Amino acid sequence: MKIGFVSDSLGGLSLEQVLENAARMGVDGVEVNTGGWSTAPHFDLAAMKASTQARRAFLRAFESRGLEVISLNANGNPTHPTDPKQGECLKDTIRVAGEMGIKTVCTMSGLPAGAPGDTLPNWVVSSWPPETRAILDYQWNRVLIPFWTEIAQLARECGVERIALELHGNQCVYNMPTLLRLREAIGPLLGANLDPSHLFWMGADPLIMAEQLGGAIYHVHAKDTMLNAPVQATTSLLENGGLTDIPARSWSYVTLGIGHDETWWRQFCYRLKMGGYDGWLSIEHEDIILNSIEGLERSVALLKNVAPRAPSDYRLQEI
């Protein structure tokens with residue numbers, strides 16, 4: 001497995017500083033945010049789309065430091081009912097990835113409105129009352145599947161081989177059944193960006209999913225979540241309080257090792273290998289208490305201790 005981090009983890013630094021820190025920490029690459037919910041401080045998508053020279057210079061900055069571009073990440077809601085720029089960001093990201101020879105694009109599945117004419121996305125998390133079924137039918141059959149049919153065709157035309165969908169709350173694809181449903185409709189171009197942090201607060205088990213998703217895992221975000229049991233006991237894990245008021249929240253994103261210890265992360269990496277995944281572990285630092293450099297350094301150190309690096313050389317002896 002290779003270790004890297006998401007560029008927005010150091011969003012306050014320049015691209016040069018991000019890459020210098022990556023080289024200093026001894027990681028293998030950086031995953032680059034291109035837009036959507038990110039201001040994309042390290043990647044000018046319009047300039048990259050327009051200029052071959054800009055694309056070449058960007059890649060040289062990585063190559064000169066012995067780093068790889070892990071993937072491009074357009075982490076927005078590409079099926080937003082009133083903000084078409086998020087869908088266009090994904091399309092342009094795919095086009096630019098193709099021009100740069102980058103084979104993996106990370107994104108979200110999208111969350112449409114609940115009905116034609118609605119202006120806001122609508123996440124259904126219950127099967128009652130009955131109108132929830134009508135919402136899901138509209139979202140999947142009239143918006144999501146047609147949208148991803150178009151995106152898959154664009155990706156194939158551009159030479160992008162894998163689109164890794166982050167299993168994320170407030171998206172149509174947020175767990176294993178929803179991923180497999182969209183994958184069945186669209187094909188194996190779509191796979192999972194398995195991020196344990198979201199699965200923790202949704203009540204899933206990332207260890208089981210790492211093994212059972214197997215070849216459908218195209219990318220992994222290494223991010224941790226701390227569950228705050230005293231708050232959870234009275235509010236549940238359906239948390240909509242402010243992200244910065246950590247004592248009042250039932251869960252919060254934290255640096256690797258704070259929510260789940262090194263033993264858990266070692267098991268997670270091993271389960272990934274059991275399922276056949278041998279790709280990137282891309283750290284996404286979103287801990288608002290720890291300094292971003294310190295948090296990344298701690299996370300890199302933990303993954304270096306737990307992630308398998310060399311290929312297995314075990315062979316059964318002939319007896």
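For clarity, every value in this text was computed on a predicted model and none was experimentally measured. Only heavy atoms go into these numbers, but all of them, side chains included; no hydrogens, no water, no symmetry mates.
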Test salt bridge (charged side-chain N to carboxylate O under 4.0 Å, His left out) on Lys85 and Glu88 and set out the steps. CA-CA 5 Å; Lys85 294 191 299 296; Glu88 290 304 313; over 6 Å; no
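Between His221 and Glu284, the side chains place a donor N or O and an acceptor N or O closer than 3.5 Å (distance only, hydrogens not considered). Thr263 and Arg266 share no side-chain donor-acceptor pair at under 3.5 Å.
Residue Leu296 forms a side chain to side chain contact (heavy atoms under 4.5 Å, CB included) with just one option from Ile283, Thr255, Val27, and that option is Ile283.
Between Val96 and Thr34 the shortest side-chain heavy-atom distance does not fall below 4.5 Å. For the pair Val32 and Met100, the minimum side-chain heavy-atom distance is 4.5 Å or more. Annotation: side chain of Asp83 is not in contact with side chain of Asn77 (no heavy-atom distance under 4.5 Å). Contact of the Thr52 side chain with the Glu99 side chain is not registered, since no non-hydrogen atoms from C-beta on lie closer than 4.5 Å. Side-chain contact check for Pro121 versus Pro81: some heavy-atom pair is nearer than 4.5 Å.
One hydrophobic cluster holds both Met226 and Ile288 under the rule that ILVMFWY side chains link at heavy-atom gaps under 4.5 Å. With hydrophobic clusters built from ILVMFWY side chains whose heavy atoms lie under 4.5 angstrom apart, Val6 does not share a cluster with Ile102. Residues Met108 and Ile217 do not share a hydrophobic cluster, clusters being chains of Ile/Leu/Val/Met/Phe/Trp/Tyr side chains in contact below 4.5 Å.
Taking the six-membered ring wherever Trp is involved, the centroid distance between the rings of His260 and Phe200 falls below 6.0 Å. In this structure, the ring of Trp251 has its center less than 6.0 angstrom from the ring center of Tyr253.
Side chain of Glu161 to backbone of Lys103: no donor-acceptor contact under 3.5 angstrom is found. Remark: the backbone N or O of Ala164 is not paired with any side-chain donor or acceptor of Asn193 at under 3.5 angstrom. Side-chain N or O atoms of Thr79 include one that pairs as donor or acceptor with a backbone N or O of Leu111 at under 3.5 Å. Asp118 places no side-chain N or O within 3.5 Å of a backbone atom of Ala113 that could act as its donor or acceptor partner.
Annotation for Phe147: atom CZ counts as buried by contact number, over 12 foreign heavy atoms lying within 6.0 Å. At most 12 non-hydrogen atoms from other residues, nucleotides or ligands lie less than 6.0 angstrom from CZ of Arg298. The environment of CZ in Arg56 is sparse: at most 12 heavy-atom neighbours from other residues, nucleotides or ligands sit within 6.0 Å.
Within the model, atoms OG of Ser197 and CD of Glu166 stand 7.0 Å from one another, a figure rounded to the nearest 0.5 Å. Annotation: the span from Cys89 atom SG to Leu72 atom CG amounts to 10.0 Å, rounded to 0.5 Å. Once rounded to the nearest 0.5 Å, the distance linking CD1 of Ile289 with CD1 of Ile258 reads 8.0 Å. Here Arg162 contributes atom CZ and Cys106 contributes atom SG; the two are 10.0 Å apart, rounded to the nearest 0.5 Å.
By the 30° and 60° cut-offs, the orientation of the rings of Phe58 relative to Phe62 is tilted.
Residue pairs meeting the side chain to side chain donor-acceptor pair (under 3.5 Å) criterion with at least one member in residues 206-219, sequence neighbours excluded: Glu31-His219, Arg183-Tyr218, Glu211-Arg271.
Counting all heavy atoms, side chain and backbone alike, Trp265 lies closest to Pro196 at CH2-CG, 4.0 Å.
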Result block: side-chain N/O donor-acceptor pairs under 3.5 angstrom for residues 169-179, not counting sequence neighbours:
unit_1, atom_1, unit_2, atom_2, d
Gln171, OE1, Gly110, N, 2.7
Asn175, OD1, Thr178, N, 3.0
Asn175, OD1, Thr178, OG1, 2.6
Thr178, OG1, Tyr174, N, 3.0
Thr178, OG1, Asn175, N, 3.1
Thr178, OG1, Asn175, O, 3.1

